[in-house]
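Below: the structure, in structure tokens.
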Amino acid sequence: MKILVLNGPNLNLLGLREPQIYGKQNYAALVAFLEQSAKEEGLEIECFQSNHEGVLVDRIQAAYGVFDGIVINPAAYTHTSVALLDALKAVSLPAVEVHLSDVSLREDFRQISYVRQACPRTIMGQGFEGYRLALLFLKEYLEKN
Ligand code: CA2
């Protein structure tokens with residue numbers, strides 16, 4: 001099973017600021033954690049981060065026929081992007097929305113998620129562990145479907 005892990009804008013700055021919200025570890029540590037988690041579960045993953053909405057749309061489109069599922073933390077684009085929602089719907093791959101922080105406890109503008117409509121599962125507030133749980137969810141989902 002091949003899973004694409006997408007991270008949106010500013011997540012490349014992990015560990016540099018706001019550690020009380022996003023944790024102390026950096027983006028490289030997140031990728032290392034994901035690779036270790038995937039190895040343990042026998043999954044093949046590719047991790048990709050971009051600060052650009054269209055680039056993320058391109059990667060979702062290119063996943064069609066190549067990957068079996070998508071883990072996505074769209075970061076700020078969660079709350080603004082119909083383009084990411086449309087891309088996820090278009091490729092029709094099972095996708096899990098992940099957030100490091102618990103967005104349900106944060107500002108009003110973070111209560112909207114466009115991508116959620118295309119995701120059978122959302123995981124929030126569990127830091128890096130949330131990404132591992134997303135991989136596990138997709139593994140089980142793909143085994144059943
Ligand atoms: O909790 C999450 O994972 C978020 O997707 C993170 C986004 C935020 O806009 C979403 O509402 C929730 C922000 C990512 C920014 O990451 C930073 C990392 C270090 C320093 C500053 C920002």
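Just follow the structure's listing: the first ligand is 1, and inside any ligand the first atom is 1. Numbering starts at 1 and runs along the sequence shown. Note: hydrogens, waters and symmetry copies are ignored here, and every other heavy atom, side chains too, is used.
- When heavy-atom distances to ligand 1 are checked against a 4.0 Å cut-off, Arg110 comes that close only through its side chain, counted from C-beta outward.
- The shortest distance between side-chain heavy atoms of Leu14 and Phe128 falls below 4.5 Å.
- For the pair Leu135 and Leu34, the minimum side-chain heavy-atom distance is below 4.5 Å.
- Using a cut-off of 4.0 Å between Lys/Arg side-chain N and Asp/Glu carboxylate O, Glu140 and Arg121 are scored as not salt-bridged.
- Heavy atoms of Leu16 stay at 4.0 angstrom or farther from ligand 1.
- For atom 12 (C) of ligand 1, the nearest non-hydrogen atom of the protein is Val103 CG1, 3.6 Å.
- Considering only non-hydrogen protein atoms, atom 18 (C) of ligand 1 sits nearest to Asn10 O, 3.7 Å.
- Scanning the protein heavy atoms around atom 14 (C) of ligand 1, the nearest turns out to be Leu11 CD2, 3.8 Å.
- Looking only at protein heavy atoms, the nearest one to atom 2 (C) of ligand 1 is Leu100 N, 3.4 Å.
- Selection from Gln111, Arg17, His79 by nearest heavy atom to atom 11 (O) of ligand 1 gives His79.
- Looking only at side-chain heavy atoms (C-beta outward), Asp86 and Leu84 stay at 4.5 Å or farther from each other.
- Considering only non-hydrogen protein atoms, atom 21 (C) of ligand 1 sits nearest to Glu18 OE2, 3.6 Å.
- In terms of polar-atom proximity, Leu13 is not counted as a contact of ligand 1, lacking any N or O under 3.5 Å from an N or O of the ligand.
- Between Pro19 and Lys24, the shortest heavy-atom distance links the atoms CB-CG, 4.1 Å.
- The residue Thr78 has no part lying near ligand 1, judged by heavy-atom distances below 4.0 Å.
- Residues Leu11 and Leu100 have side chains in contact (heavy-atom distance under 4.5 Å, counting atoms from C-beta outward).
- Looking only at heavy atoms of the protein, atom 4 (C) of ligand 1 is closest to His99 ND1, 3.7 Å.
- Proximity of Ile123 to Glu97: side-chain heavy atoms (C-beta onward) are nowhere separated by under 4.5 Å.
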Given side-chain contact (heavy atoms from CB on, under 4.5 Å), test Ile70 with Val96 step by step and report yes or no.
-> CA-CA 6 Å; Ile70 297 175; Val96 180; over 6 Å; no

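- The protein atom (non-hydrogen) at minimum distance from atom 13 (C) of ligand 1 is Tyr22 OH, 3.4 Å.
- Ring pair Phe109/His79 is perpendicular by interplanar angle, where above 60° counts as perpendicular and below 30° as parallel.
- Geometrically, ligand 1 and Ser101 share a nitrogen or oxygen pair separated by less than 3.5 Å.
- Proximity of Asn73 to ligand 1, defined as any heavy-atom pair under 4.0 Å, is confined to the side chain (atoms from C-beta onward).
- At a threshold of 4.5 Å between non-hydrogen side-chain atoms, the residues Ser113 and Thr122 do not count as touching.
- Using a 4.0 Å cut-off to heavy atoms of Ala76, the atoms of ligand 1 that qualify are 9 (O).
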